[in-house]
There are 2 protein chains.
Amino acid sequence: MYSDETSPDAMSPARLGHGAHVVDTSRSPHVRLRSVPLESVTVRDAFWAPRRRVNAERTLPSQFRHLESTRTIDNMRRAAGKKDGDYAGMYFSDSDIYKWLEAVSWQLAGRSDPELQRMADVVIEELADAQRDDGYLNSYFSRERALERWTDFDLHEMYCAGHLFQAAVAHARATGATTLLDIATRFADHICDTFGPSPGQRVAVDGHEEVELGLVELYRLTGIRRYLEQAAFFVESRGRGLLGRPYDRFGPEYAQDHLPFRDLDAVVGHAVRALYYNAGVADLCAETDEPGYRVALERLWANMTSKRMYVTGGVGSRYEGEAFGEDYELPSSRAYTETCAAIASVMWNWRMLAFGGEARFADLMEWTLYNAVLPGLSLSGDEYFYQNPLQDDGRHRREPWFGCACCPPNVARLLASLPGYVYTVSDDALWVHLYASGSVDTVLPNGQGVRVTQQTEYPWDGTITFGMGSAGRYALMLRIPSWCDEGASLTVEDALVPEALVPGSYVRVERAWQEGDTIRLHLPMPARYVEAHRHVAEATGRVAMARGPILYCLEDADHPGLELRDVILPTSPALVRVEPSDALGGVPLLRVPAERQSADEGPLYRTREGEELRREGVEVTAIPYFAWANREPGRMEVWVRVS
Amino acid sequence: MYSDETSPDAMSPARLGHGAHVVDTSRSPHVRLRSVPLESVTVRDAFWAPRRRVNAERTLPSQFRHLESTRTIDNMRRAAGKKDGDYAGMYFSDSDIYKWLEAVSWQLAGRSDPELQRMADVVIEELADAQRDDGYLNSYFSRERALERWTDFDLHEMYCAGHLFQAAVAHARATGATTLLDIATRFADHICDTFGPSPGQRVAVDGHEEVELGLVELYRLTGIRRYLEQAAFFVESRGRGLLGRPYDRFGPEYAQDHLPFRDLDAVVGHAVRALYYNAGVADLCAETDEPGYRVALERLWANMTSKRMYVTGGVGSRYEGEAFGEDYELPSSRAYTETCAAIASVMWNWRMLAFGGEARFADLMEWTLYNAVLPGLSLSGDEYFYQNPLQDDGRHRREPWFGCACCPPNVARLLASLPGYVYTVSDDALWVHLYASGSVDTVLPNGQGVRVTQQTEYPWDGTITFGMGSAGRYALMLRIPSWCDEGASLTVEDALVPEALVPGSYVRVERAWQEGDTIRLHLPMPARYVEAHRHVAEATGRVAMARGPILYCLEDADHPGLELRDVILPTSPALVRVEPSDALGGVPLLRVPAERQSADEGPLYRTREGEELRREGVEVTAIPYFAWANREPGRMEVWVRVS
């Protein structure tokens, strides 16, 4: 898999002009699904479009102000010798700048936004000035710490580099400019020169994975093969105990340094590290094919989704080490479930989806987007959750920024790049992974042009109408979500199609299309109960409510005076009424005829007498989990007792 | 409450000869119950006596060897300039020596053990040599760190001092020798000189409470009032943010530094710190009366026992910060429940009991001893638990020693001092708090001599026979445990007594006794189910099994091939059979006709269909929780699902 030979192809303008692929699998040799660039997709729906507008108009500008007021950008000016004073913030806060730049870049793809453009240009200029002559760039290791670079691999130098690479790739793809890319490739070259298996090079890995996927994307953009090989080198070097000391506290599992990747069989340690790692390895597999890695990726996915994932799709059970727990260790109020870990899961699932077009990856990506990423951001677009508990007493509130501010720009870059996750193409087919009003205008690998529109009220309504804007014989691959376990139907020009609609798969609809043909997919969305595996201790005797791709919860704001922990839901979700509302930006509410248990305090433990506690009828209202904590503080419950 | 005036009464030989009171309330002005010295009590039962023998013959000698092999005692030799090399171990490992010395001292009370005596003498001599001329003694702050003493109050200097004081008091009371006491008082004087409210003194508190109770006991032994005042000063100074920086990570609650003691209303932060603190404040209240403190102690006890305590009696829910969690935050497999915290709870409850003789404190003390302290020690007496989960997959095993070795000598000192917890006296009454064959021979405060024997198979059988060995009119106060909620009976000379036997109280049996009179208390012990408050998330739909004062659990060793998490207990505990056995040192087993649920793996989450899972009958065997993990590794469950 390694090669000492590098192929320093010059960057080709053609590649830069190739479009703003969020993860560019358009030429990857080992995938089935190929990305389409951001510019070819529009999302003009009532759900995501307003959020993306808030992201552009409020979130990104406010984040720039935070980066300035927290002196994060000043760290760069300080590294350039233009400002004095102490270094400010966490040792890895350069990465906040990079994630923000990546977000701004995706936002600029195919659109003009002079204000964002100006902010980005300011920042890129500071980066250029801060970069050392040898290409090294990290503001923490400047001035008084300039001699300490690459001495402690728990200090995230490569992690920051990886985010720089992702930002630079996004910026180049979206704007065609190479100002940021030049900085990135100089740093990448420095890293490739410094670390590797050759004599005179050092063998090391970073405590926090991220550089791997940044390098693969840098390779995809530039064609410079040594970046790909460097990513492979870092993956192959991990799991051999190189990290040593800094990881004593949580053990080598913390940074996935306990076993070589191909021997991993469970997601362990720091959740964001683990999933960035998996995403990076998946990127590598798309370019180089590596059966040992692919099999390990599948094992890790199976372990995560069958044993170590919250019903939200969020992951990382433990505050201690921001880490995955043991199998079925999924505490509700002490759920850590970092917003960044959910984003990392989306990134990883998207890459897994590309290999074979298996719907389970898109299902989980969608579920995680709505129910684990989105809760990380306030409806106002300027406050964030770091942790995302499934039960709370009202004290966990979103904050405008954090000392460790990894999550805010991470949410922003995902929202900015979202259109890139809606469609892919394969030889003769357009794949639809997410449902949202809008359109796509692209060319299939076989040369067939496709223009398709979507019209839907998804995620609140399961009817999606596709309008075929280009004639020709090709296929539409439509995802039948796994939650849609009965009643899905599909019509082409009002005629029911015979294709089987299997939940958790794509239905292939191939025709010789005429311009103006319409397809209507109907995915019924009754309220339903989700139950957990019987070994999830805190979910015994409880269910979570869901409708379509949206997880629901109970919140105090709708239930003054009611102790939510005493609510008992009716046996059947058929009694749950779905009611449109203007609340919380306009979300359907679930109204449930439930019971409340006798609410006297009672002792902590007592001999069980078997007496039935008093119950009385009470109507409760469930709201989408992503929308909780946007009103007055109060208790929130995802898992609710059921009769 | 403060006084600048100190009363440097000379130590009186009479006080030293007063007997080995474990916590000496014999002359405390504000208590109802007065301690009796260790020498006046014998415990000759089949439960505790063998454990105490193992403690003396195996545990304590093996701990001495650990203290030597880990170079913990060498740290003292190094401080004295007799050994070179680096300091070894945790910065507070002096305290391990002190707790071990305290244990050895209690063991020597009224008994000769030349071997233990010799080990103690070796250690005391090293301490004497290591002590500085000004009385300061801490081996970590010697040599290269000599100038750093009292600069960082998170480094446990006073915590170690407190354990030295407790050890010295025990040693003096038990042996009459002042070798260790002289060291302790010199250090105490140094602390009293250094810290205080007077000009030239420093105002500070230690990050880890412990010195407070050590100082009060030092006062009780020596009569030197400034030690008491110093304890009061430290209590009064805490909760005012003096600790600052080191506590950023967990917040000031970690060391109970967020509020003055009298304003506390919930047990928070590091559990061992919190409960040593409470014990120290209770000691202070016994000597000085301080209504604000007493009320706060009651609030803290109410909060702990009604919201933040495991069914084992163990406390401290979180790995993060070894801390109490929020109300009802009591995870089973991630229970931290440090053995030391359970011991601290016993210490605190014993002091609370002294105030008014309320049985709830003795009930909890007994329950905690059997079900939270004892699990910390292997049946073999030389392996220890630090954490005590209520559910485990078999990977949590006792270890011979720890890098942070606080728990092992803590268990040893409690076992060594156990006879001191069995009885107290009040004006005209002998109080029996724990049931165990043996005897007491003491004098009531009113001058009446009492000799009483106990004969019982407790905790396996609830019949206890008391033999009155001394004539006269006095009362016996017998505890009717709160678990004994029906059928308790009491006979005097085979005649049923009319006194009401109220669970959770003491029955007063006052007669003009004849030598040879017998009393028979019968406490029925059917197996029972204990259920938790409905807000304890992991206990929903589950019960714990108990019998008498013993909590039971299921363990894999008795159930080859059975997934214990799939066991469902029958609705009524009346079906549970109690069966004597020779297993695990001879414990009655509980045999339960239960069911197992269909054991296919299944997905992590699925839409609830309401279908009944397959069940089949299966007999399960429960063992005392304290005895788990003494056989082959395997799963253990306290909370079991119930029909």
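This structure is a prediction, so every number in the text was calculated from the model and none was measured. Order of the sequence lines fixes the chain letters, A, B, ..., with proteins taken first and strands second; residue numbering starts at 1 for each chain.
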(request) Pick one of side chain, backbone, both or neither for A:Ser643, based on which atoms fall under 4.5 Å of a heavy atom in chain B. (result) backbone
(request) Could you tell me which portion of A:Val530 (side chain, backbone, both or neither) has an atom closer than 4.5 angstrom to a non-hydrogen atom of chain B? (result) both
(message) I'd like to verify something: which residue of B:Asp327, B:Thr540, B:Asp485, B:Asp393 has the highest number of heavy-atom pairs under 4.5 Å with chain A?
(response) B:Thr540
(message) Within the structure provided, determine whether B:Gln387 and B:Tyr336 are in side-chain contact (heavy-atom separation under 4.5 Å).
(response) yes
(request) For chain A, find which of B:Pro573, B:Ser333, B:Ala537, B:Ser482 contributes the most heavy-atom pairs closer than 4.5 angstrom. (result) B:Ala537
(message) Counting only non-hydrogen atoms closer than 4.5 Å, does B:Val543 touch chain A with its backbone (N, CA, C, O), its side chain (CB onward), both, or neither?
(response) side chain
(message) Could you tell me if B:Tyr386 and B:Glu322 have a donor-acceptor pair between their side chains, going purely by distance under 3.5 Å?
(response) yes
(message) With a 4.5 Å cut-off on side-chain heavy atoms, are B:Phe250 and B:Glu320 touching?
(response) yes
(request) Identify which part of B:Thr305 has an atom lying under 4.5 Å from any heavy atom of chain A, answering side chain, backbone, both or neither. (result) backbone
(message) Just so I understand: if I count every heavy-atom pair under 4.5 Å between each of B:Gly541, B:Gly602, B:Ala532 and chain A, which residue has the most?
(response) B:Ala532
(message) Using heavy-atom distances under 4.5 Å, tell me whether A:Arg565 contacts chain B through its side chain, its backbone, both, or neither.
(response) both
(request) Sort B:Met545 into side chain, backbone, both or neither according to what part of it lies under 4.5 angstrom from a heavy atom of chain A. (result) neither
(message) Does any part of the side chain of B:Pro481, heavy atoms only, come nearer than 4.5 Å to the side chain of B:Pro549, both counted from C-beta?
(response) no
(request) Taking only Lys NZ, Arg NE, NH1 and NH2, and the carboxylate oxygens of Asp or Glu, determine whether A:Glu329 and A:Arg308 approach each other closer than 4.0 Å. (result) no
(message) If I measure from the heavy atoms of chain B, does A:Pro331 come under 4.5 Å with its side chain, its backbone, both, or neither?
(response) neither
(message) Measuring centre to centre across the rings, with the benzene-like ring taken for any Trp, is A:His533 within less than 6.0 Å of B:Tyr605?
(response) no
(request) Specify which of B:Arg334, B:Glu538, B:Arg528 makes the most heavy-atom pairs with chain A at under 4.5 Å. (result) B:Arg334
(request) Please report the closest heavy-atom contact between B:His396 and B:Pro389, naming both atoms and the distance. (result) CD2-CD, 3.3 Å
(message) For a quick test of reading the model, state the closest non-hydrogen atom pair linking B:Tyr310 to B:Thr337 and the distance between them.
(response) CD1-CG2, 3.1 Å
